[in-house]
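To keep things clear, I will list the structure first and then write my remarks on it.
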Amino acid sequence: MMAGTGALRHGGTGKGLPRPRAPVPLCPPSSNRVQFIDLPIRSILNSPQQTGMGFWSLNPYVGCEFGCTYCYARFAHRYVVERGEAGTTGTWADDAFERQVFVKREAPDVLALTLKPSRLGRAAIVIGTATDPYQPAERRFLLTRRILERLAQFHGLNVSLITKSPLVARDLDVLARLAERGRITVYCSLISVDVPLIRRVEARSPMPQVRLRALQKLTAGGVRAGVMLAPVLPGITDGVPQLLSLMRAAKAAGAAFVHADPLRLYPAVRATFLPVVARHFPALLARYERAFDERGRVTQTYARALERRVERLRRRTGFGGHERENGPASEPLQWTLPL
Ligand code: SF4
């Protein structure tokens with residue numbers, strides 16, 4: 001998912017909004033020992049100015065049971081814990097992100113009270129920029145569904161949603177209504193169709209085939225959906241055979257697009273992801289340690305080479321693309337890509 005820390009700062013008050021209150025464990029821990037804690041809020045939509053992103057964003061949950069080792073939302077979760085925003089003690093444990101999920105229980109009602117479509121301008125609303133809106137908690141709390149129902153009361157909204165979960169297909173009826181009244185795009189997040197690889201880097205995410213089946217249900221139901229291939233992991237998932245398999249599977253599932261972005265190795269991500277590289281891909285560790293700049297970005301050379309590779313494969317698999325028409329017909333294999 002995508003987010004700046006600002007995405008989780010609460011702002012705006014407004015008459016009639018619920019007031020913050022003491023923390024409430026919402027129910028006994030799940031069978032996976034996940035604890036759900038009420039996170040009081042006064043606003044739910046983050047403006048483009050707050051986050052520095054060109055769209056409005058919304059995240060019903062903080063923390064995520066799927067536990068991807070490359071996930072950058074741990075930083076925001078730690079921020080909530082250490083600020084005591086949900087009555088937490090301020091001590092953040094390593095597995096807290098996966099085991100302690102904060103639930104913005106009032107999100108649908110706060111959205112109903114605060115949403116003014118005229119304020120949105122032409123910018124989209126993106127759900128799931130920081131954490132997965134269809135993570136297992138959604139089965140219990142139905143926040144994402146109720147938020148979509150609120151949004152579907154309006155005409156002309158441009159809504160996007162990012163998820164790794166097949167649970168999104170549960171809400172096909174609401175998504176189809178949104179499509180009729182405005183624009184909805186679902187980004188099914190999938191970095192590889194290689195199951196053993198997925199299990200090395202994503203602790204508890206749904207299996208690729210299950211996600212692809214959900215994608216197929218959405219597209220068959222008239223909802224615009226595609227694959228968010230992010231993060232692309234240098235040396236691990238950026239090879240032509242890997243990308244090609246994923247794009248072919250996406251095409252077969254009716255994906256309208258494939259969007260790819262390279263890994264951002266933020267400091268908080270380094271702490272969880274580099275040990276995984278050391279354990280499962282030791283030959284790559286030295287390159288990972290030196291290849292990203294202080295803001296966690298890959299080199300421009302790598303980013304451009306990856307972009308060209310993805311564009312080429314998009315065309316090859318029937319997605320069309322935005323390849324520079326005058327660019328080189330083919331790039332040398334990278335990573336070889338020059339990190
Ligand atoms: S599904 Fe998204 S939010 Fe959840 S752990 Fe993975 S990357 Fe993070």
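Just follow the structure's listing: the first ligand is 1, and inside any ligand the first atom is 1. Note that this is a predicted model, so its numbers are computed, not measured.
Side-chain atoms of T317 and K251 include no donor-acceptor pair closer than 3.5 Å. For the residue pair R211 / S205, a side-chain donor-acceptor distance below 3.5 Å is found, with atom types taken as modelled. Between the side chains of Q300 and R304, at least one donor N or O lies within less than 3.5 Å of an accepting N or O.
Contacts with ligand 1 closer than 4.0 Å are made by backbone heavy atoms (N, CA, C, O) of A130 only, the side chain lying farther away.
The ring of Y288 has its center no closer than 6.0 angstrom to the ring center of F281. Remark: aromatic rings of F36 and Y61 are distant, center separation not under 6.0 Å.
In the vicinity of F97, heavy-atom distances shorter than 4.0 Å reach the ligand 1 atoms 5 (S). Taking every heavy atom of C64 and a limit of under 4.0 angstrom, the matching atoms of ligand 1 come to 1 (S), 3 (S), 4 (Fe), 5 (S). For ligand 1, the atoms closer than 4.0 angstrom to any heavy atom of C71 are 3 (S), 5 (S), 7 (S), 8 (Fe). Applying the 4.0 Å criterion to heavy atoms of F66 picks out, from ligand 1, the atoms 1 (S).
Within the 2.8 Å limit, C68 places no N, O or S atom next to atom 8 (Fe) of ligand 1.
The nearest non-hydrogen atom to atom 3 (S) of ligand 1, considering only T131, V201, I162, comes from T131.
With E138 as the fixed residue, the salt bridge (charged side-chain N to carboxylate O under 4.0 Å, His left out) test singles out one of R145, K164, R170: R170.
G67 counts as a contact of ligand 1, since one of its heavy atoms falls under 4.0 Å from the ligand.
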